[in-house]
Amino acid sequence: MINKLVLENLKHRWVRTLLSALVVGVQVMSILTLIGLSRGMLQDSANRTKGTGADIVLRPDTGHGTLSFSSGQVKESFVPYVAKLPHVRQAVGVLTQAVELITSMNGVNFDEFQKISGGLRFLSGGPPQGPDDLLVDEAYARQHRLHVGQTVKLLNHDWHLVGIVQGGMLARFIVPLTTLQDLTSNSKRVSQILVKLDNPSLADREVAEFNEKLKGNLQAISMADFLSLFNINNIPQLKAFIAVITALAVVVGFLVVFLSMYTAVVERTREIGILKALGAKPWTVVDILVREAVVLALIGCALGIVLTIIAKAAILAIAPASLPVTDAPDWWPIAAAIALGGALLGAIYPGLKAARQDAIEALSYE
Amino acid sequence: MNTAMIQVRGLRKTYHTGDVDVHALRGVDLEVQRGEFLAVMGPSGSGKSTLFHILGGLAPPTDGHVFVDGLDLRALTESERTEMRQRKIGFVFQKYNLLPTLTARDNIALAQALGKRKSWPEGFNEILDLLGIKQRLRHKPRAMSGGEQQRVAIARALVNQPAILLADEPTGNLDTENSDLVLNLLRDLNKRTGQTILMITHNPEAAAFADRMVTMRDGRILTSDS
Ligand SMILES: Nc1ncnc2c1ncn2[C@@H]1O[C@H](COP(=O)(O)OP(=O)(O)OP(=O)(O)O)[C@@H](O)[C@H]1O
Ligand SMILES: [Mg+2]
């Protein structure tokens, strides 16, 4: 019976109910979309590294396991040294530079890279010849309607677009290493070294060997371990950002449910008096309001998940290249808990106010 | 201690609104026996509703002694008064006070749920029939006339078979025919089940259905005749 009252109350003021739920839903959506984007982008980066076909990645030995995207910290002179180590078929230095918000550019020695990867697949055009030649992947080219022969301005530099390649290998932009080094003041430096072994099954053994030899300079990591590093938990900045958005969602959810419940309590002063006159304990009154808040949060969650799916479709339609999104259904319960938490917090004060209300005074309220 | 259902002595109630004190009750003495049907009359503002609210445990007395079924209302905590309302009291409000979002049936069911009852008491169907609201159970208060709402409010007050029924002008909005129906019902319940009934009315004919009538004026009980 209490549940029926809760539902009827929500139905009675359905516009308010819907609007409050919608705000909660937007919060749920922002959390879920943020997670989906973060994961999508990380997965995308991981896949690109994996796509190169390297067995081992060498990174600066920073002494801790977090993922860093800062450019050029490895001396390029390590590349020929590593290339001569036993079991190494090919080593190639890659310099990474962020271009747009989250799209990056790789500088590589193209001929060396072709040997490691088995070759980029050209959809149009061909390999770079001159220092200002640029390769772009297909998704980006499609999104920005680029075609071979065009001049593209990136990093304040005019590039000559010579080839469009199938994506999934290195960054979306590929340019000659030395040009990128000069442009970014990273002369003789690379971000990481990709290593291809004679025999991929030796990877784990070689990792140990490399780490022994290169201790203090470079850290070797097998491709499998490298991929598992592409995880939100390994990027403190991203984790902090998600925490902020989550906190914001709790606060907004709290405020909106607070406001909604508060106006409901004021507006229903008389009804609350009636309930008390009929023998409802203060806790029963709080219970009713809490249930209303819970239903609001649940409707909000459902709306949020629907909005997330719509947002994903919209993002993929508008910017498939720059914003890869994945679904994060494992975060649905977490987002629901966050919405619920905010709603419950928001119900506390109005609930207590209602519980304290004097029944008879409430009944004389017109 | 005698067996009186309600014992009131020197009851005062003062409302503080802003900087004026309203002395709604200025020393009420009243005794109602178990199974008695009492009518309370008196001009508007004489304190009738206030007295009922206190007897029903809805408002605390300012001063004086109030015993209901042996319970000293001044000694009860808020939650004990709530419990008393649940278990002993049926209240028919002057302004009906139905919940606007619920249908008539749900209004009755809610009172029943709060009184922790599972099903309608025996004969309740007949009561609904008699009150002529059976066809209106699926309607919300908004869609009902004042008289219909009043009869739903009466049904709601009876659903938990309270030992004491406090009815604040239960026939105030009814035509003579319906009024007689309700009054006959109350008298019948009073005679058959021994329910103690206190009823406020402005109508001497309605008061005639009761065993006894008292008149209030200026916060006091004036006359008491049997
Ligand atoms: N909640 C309240 N706050 C302040 N004053 C009140 C309150 N309730 C009643 N009063 C005042 O107490 C006095 C008695 O009111 P009460 O409602 O008991 O009269 P009544 O006899 O029931 O009148 P009526 O026949 O019009 O229903 C009135 O002067 C009224 O204004
Ligand atoms: Mg009155």
Does a sphere of radius 6.0 Å around [atom1] in [X] hold more than 12 heavy atoms from other residues, nucleotides or ligands, not counting ones at 6.0 Å or beyond?
X: Phe124(B); atom1: CZ; answer: yes
X: Lys239(A); atom1: NZ; answer: no
X: Lys4(A); atom1: NZ; answer: no
X: Arg105(B); atom1: CZ; answer: no
X: His202(B); atom1: NE2; answer: yes

Out of curiosity, [X] [atom1] to [Y] [atom2], how far, rounded to the nearest 0.5 Å?
X: Lys281(A); Y: Arg85(B); atom1: NZ; atom2: CZ; result: 10.0 Å
X: Thr101(B); Y: Leu7(A); atom1: OG1; atom2: CG; result: 10.5 Å
X: Arg81(B); Y: Lys276(A); atom1: CZ; atom2: NZ; result: 11.0 Å
X: Leu278(A); Y: Asn97(B); atom1: CG; atom2: CG; result: 8.5 Å

(message) For Arg87(B), which atoms come within 4.5 Å of any heavy atom of chain A: side chain, backbone, both, or neither?
(response)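 When you check distances to chain A, no heavy atom of Arg87(B) falls under 4.5 Å.
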(request) Measure Leu98(B) against the heavy atoms of chain A and call it side chain, backbone, both or neither at under 4.5 Å. (result)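 Contact with chain A involves the backbone of Leu98(B) alone.
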Minimal non-hydrogen separation, [X] against [Y], with atom names:
X: Met1(A); Y: Ala109(B); answer: SD-CB, 3.6 Å
X: Pro100(B); Y: Glu271(A); answer: CD-CG, 3.5 Å
X: Asp358(A); Y: Leu58(B); answer: OD1-O, 4.1 Å

(message) Please classify the contact between Ile274(A) and chain B as side chain, backbone, both or neither, with a heavy-atom cut-off of under 4.5 Å.
(response)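 Contact with chain B: side chain only.
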(request) Pull out the residues in residues 8-37 of chain A that come under 4.5 Å of chain B, heavy atom to heavy atom, sorted by number. (result)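 Answer by number: Glu8(A), Asn9(A), His12(A).
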(request) Could you check which of Ala280(A), Gly273(A), Ala277(A), Pro282(A) has the highest count of heavy-atom pairs closer than 4.5 Å to chain B? (result)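 Greatest number of close heavy-atom pairs with chain B: Ala277(A).
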(message) Taking every non-hydrogen pair under 4.5 Å, which of Ile89(B), Leu110(B), Asp106(B), Thr103(B) racks up the most with chain A?
(response)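 Result: the option with the highest number of such pairs is Asp106(B).
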